[in-house]
Structure formats: C-alpha cells, structure tokens
Amino acid sequence: MANRTDPLARSVHGTNPQNLIEKIVRSKIYQTTYWKGECFGLTAETLVDKAMELDHTGGTHGGNRRPTPFLCLALKMLQIQPDKDIVVEFIKNEDYKYVRVLGAFYLRLTGTIADVYQYLEPLYNDYRKIRQKLNDGKFTLTHVDEFIDELLTKDYCCDTALPRIQKRWVLEASGTLEPRRSALEDDFEEEEEDKEEGEPMDVDEPNTREKEHHRGRSPAKDRDRDRERDRDRKHERHHRDRDHDRDRDYDRDHGRGRDRDRDRGRERDRERDRDRDRHRIRDDDYSRDRDRERDGRERERRDRDRGRHRSRSRSRDRRDRDREDGEHRRRRGRGSGSPRGPAEDDGPREDPKKRKEKKEKKGGGNGPDPNDPEIIAMNKLRASMGMGPLK
C-alpha cells in the first residue's frame, strides 16, 4: 500500500504518474531506508518540511546506483499528486532554493507545455548556487538557472527521462506563447537612451572645432595642401602601377616556367613510353628467337628418331633376307647333290684350299663383292650403328 499511487490521482501523459520514473530507478527508491523511514505517510502539507531539509540535488550515485533524497521526494510528489497551487508555491519560494528546484522538476514532469514555459522561464533570473551529486558520488557546484536550462533544453535530467516538449518558437508562431521578454531589456533600454542623449553633444563639439579651424585657414595654405595631396596621390598611383606591372611580369614569367616544366614533363613521358616500347619489342624478338630455336631442336630430334627407325627397319629386313638366302642355298645344295660314281669315289679327292682357290680364279663363290655399292652403303650404316661390316 505504501508504494501505490493515490487512487484520486489523475493520469499524466496517459499513464500512471509514478511511471514517469523508470522502473529500475523506482524499485531502487522503494528499497532505500530514506523512502521507508522518511517518506512514509507524507502528505502535501508535510512534504514541504522534508523538502526544506534538502541540501543537494541529483539522481542516482555509487556502484549500486542509490537514489538521492531529492529523487525520492520527487517520486513521492508523483505518488500523492499535490495540487497545482502547491507546486506553484514551491516554485515561487525564494527562501529555500532546493524547494524551488524540486517544484520545477515536478512541474516539468507533469505540467503542460504552456505551464512549463510560463513558470520555469522566470527562474532564469535565479543565480544562486546549488550542490549536485554526480554519478560517482562526488559533489559539484551549479546554479539554479543552469538547472532550469537543463530542464527546458535537455531530454534527460537526474537519471529521469523528461517528457518531450515543443520548441518555444513553434509555440510563438502558433500564438500559444508571447515572445519572451528578458529581465535585462530594461537595463539595455536605459543604456540606449543615455547613448542617444549623449550623442548630439559629442557630435556638435567636433563640428564647432572644425568650423573654427576652417575659419582660421588661409587660401595659400589650402592651395599648398591641395598640391601636396595631389602629389601624394600621383606618387601612390605610380607605385601602384609599378607594383601591378611587376606582378604581371612575375605572373608571365611564372606562367612560362610552368609551361616549360609541363613541356619537360611531357618529353619525359614520351621518352619513358619509347623505352617501354623498345624493351617490349626486344622481349618479343628474344621470345620469338627462343621459340624458333626450340622448334628447330624438336624438328632435328624428330628427324633423327625417324632416321634411326628407318635404319633399324632396313637392317632388320636385310638380316631377314640374308637369313632366307642362306637357308635357300643350304636346301638347294642338299637337294641337288647327285650320287658319286665309282670313278669319283675311287679317285683321289682334291684339297679344300685348292678347290677354294680355283673357285676364286673362276669368279665363282658365294662371298659378297666388296666393291658392290649396296654392300658399301650397308657397311656405312652398320658402322654408324656400331656394328661390324658384312662378311
């Protein structure tokens, strides 16, 4: 029952007034001893006494985010929802600055846009110092007008999200609020009036002196002064023309130098391109010669392999042909032998060496002729293959 909102309280911004404080912060407030011991049973009349005891403002602090008494009393005001007249009296209280700040904070949470600007903007004139507790538990000094400016311009204050309000210029354009009048405007108007009153005196005095000065001048002095002025003007004009000519010459020379540098850079680029093309052509020629040499070596190797294959097949055919001829001669010799007669059998036999010599003299025999062209070509081929000559 102690943490529930007053049944007679009206909803604020379409929700329960206590919901304007975030749930986590609200639960921490419910668990503090200050809420349980000091805020229990407070009413709108007795709340003022507790507000007068405040000595600092702030939201939560420390590692466990403990709420300050200022925030506990603000939640208590949301719970009991005091009348608007009581809140306005809080704001108009000039004796206790923390009571004024507490009323301004509550009005910022629950009041309308017009009430917020109407009752909080006059507090810009309150320059009293107040203590504020930071999140790390340390205190810092601020002022009432700074706290009010934070309420009107920021969206977060004392660890509490503030309801969004429209900008003042929008309300002035719609006619809801009148243009703001600063308290310092009266002082500014008095200073402006004093300046306007003092200006004729300051202006008339130099005019009178100037008239007296003109009255005491002589025509000769005026002519000399005019001549000197004309001479000075001509001198200045001469120097100005000379400086202009010098600047123009410098710009022209500088432009020529830039053109020369540009031409030199272009020539360097052309030389670089020519060197690159020359290297590319040299690389192409080298790669073309290398490919040509590789093709020639491959062609020679193929020709060599083809010639070796032909020689091997030719030698194989020659050996087969020689073998067939030898077998044919042996068969023919065996088949054509006639039986010897008695005269031959009884007669003396000739020596094999003598018979061979006779055959050679007659030109007969089975041996190859060394002068035969085919035999000579075959012996050369056999010599290239590492074989001996034909017997």
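If you're wondering where the values come from, they're calculated on a predicted model, not measured in any experiment.
His56 meets the ring pair (Phe, Tyr, Trp, His ring centres under 6.0 Å) test with Phe139; sequence neighbours excluded. In terms of the ring pair (Phe, Tyr, Trp, His ring centres under 6.0 Å) criterion, residue partners of Phe70 (sequence neighbours excluded) are, by chain and number, Phe105. Residues that satisfy the side chain to side chain donor-acceptor pair (under 3.5 Å) test with Asp269, not counting sequence neighbours, are Arg272. For Asp277, the side chain to side chain donor-acceptor pair (under 3.5 Å) partners two or more places apart in sequence, or in a different chain, are Arg280. In this structure, Asp85 has no side chain to side chain donor-acceptor pair (under 3.5 Å) partners at least two apart in sequence or on a different chain.
Residues Leu73 and Leu54 meet the side-chain proximity criterion, which asks for heavy atoms closer than 4.5 Å. At a threshold of 4.5 Å between non-hydrogen side-chain atoms, the residues Lys138 and Lys133 do not count as touching.
Between the side chains of Gln31 and Lys28, no donor N or O sits under 3.5 Å from an acceptor N or O. Neither side chain, Thr142 nor Gln132, offers a donor N or O lying under 3.5 Å from an acceptor on the other. Between Asp55 and Tyr98, the side chains place no donor N or O within less than 3.5 Å of an acceptor N or O (distance only, hydrogens not considered).
Side-chain N or O atoms of Asn135 include none that pairs as donor or acceptor with a backbone N or O of His61 at under 3.5 Å.
Sorted by first and then second residue, the pairs that involve residues 33-55 and meet ring pair (Phe, Tyr, Trp, His ring centres under 6.0 Å), not counting sequence neighbours, are Tyr30-Trp35.
Using a cut-off of 4.0 Å between Lys/Arg side-chain N and Asp/Glu carboxylate O, Arg294 and Asp291 are scored as salt-bridged. A salt bridge links Glu267 with Arg274; the closest basic N to acidic carboxylate O contact falls under 4.0 Å. Here Asp126 does not pair with Lys97 in a salt bridge; the nearest charged N to carboxylate O distance is not below 4.0 Å.
The side-chain contact (heavy atoms from CB on, under 4.5 Å) test with Val25 is passed by exactly one of Leu71, Leu75, Thr160: Leu71.
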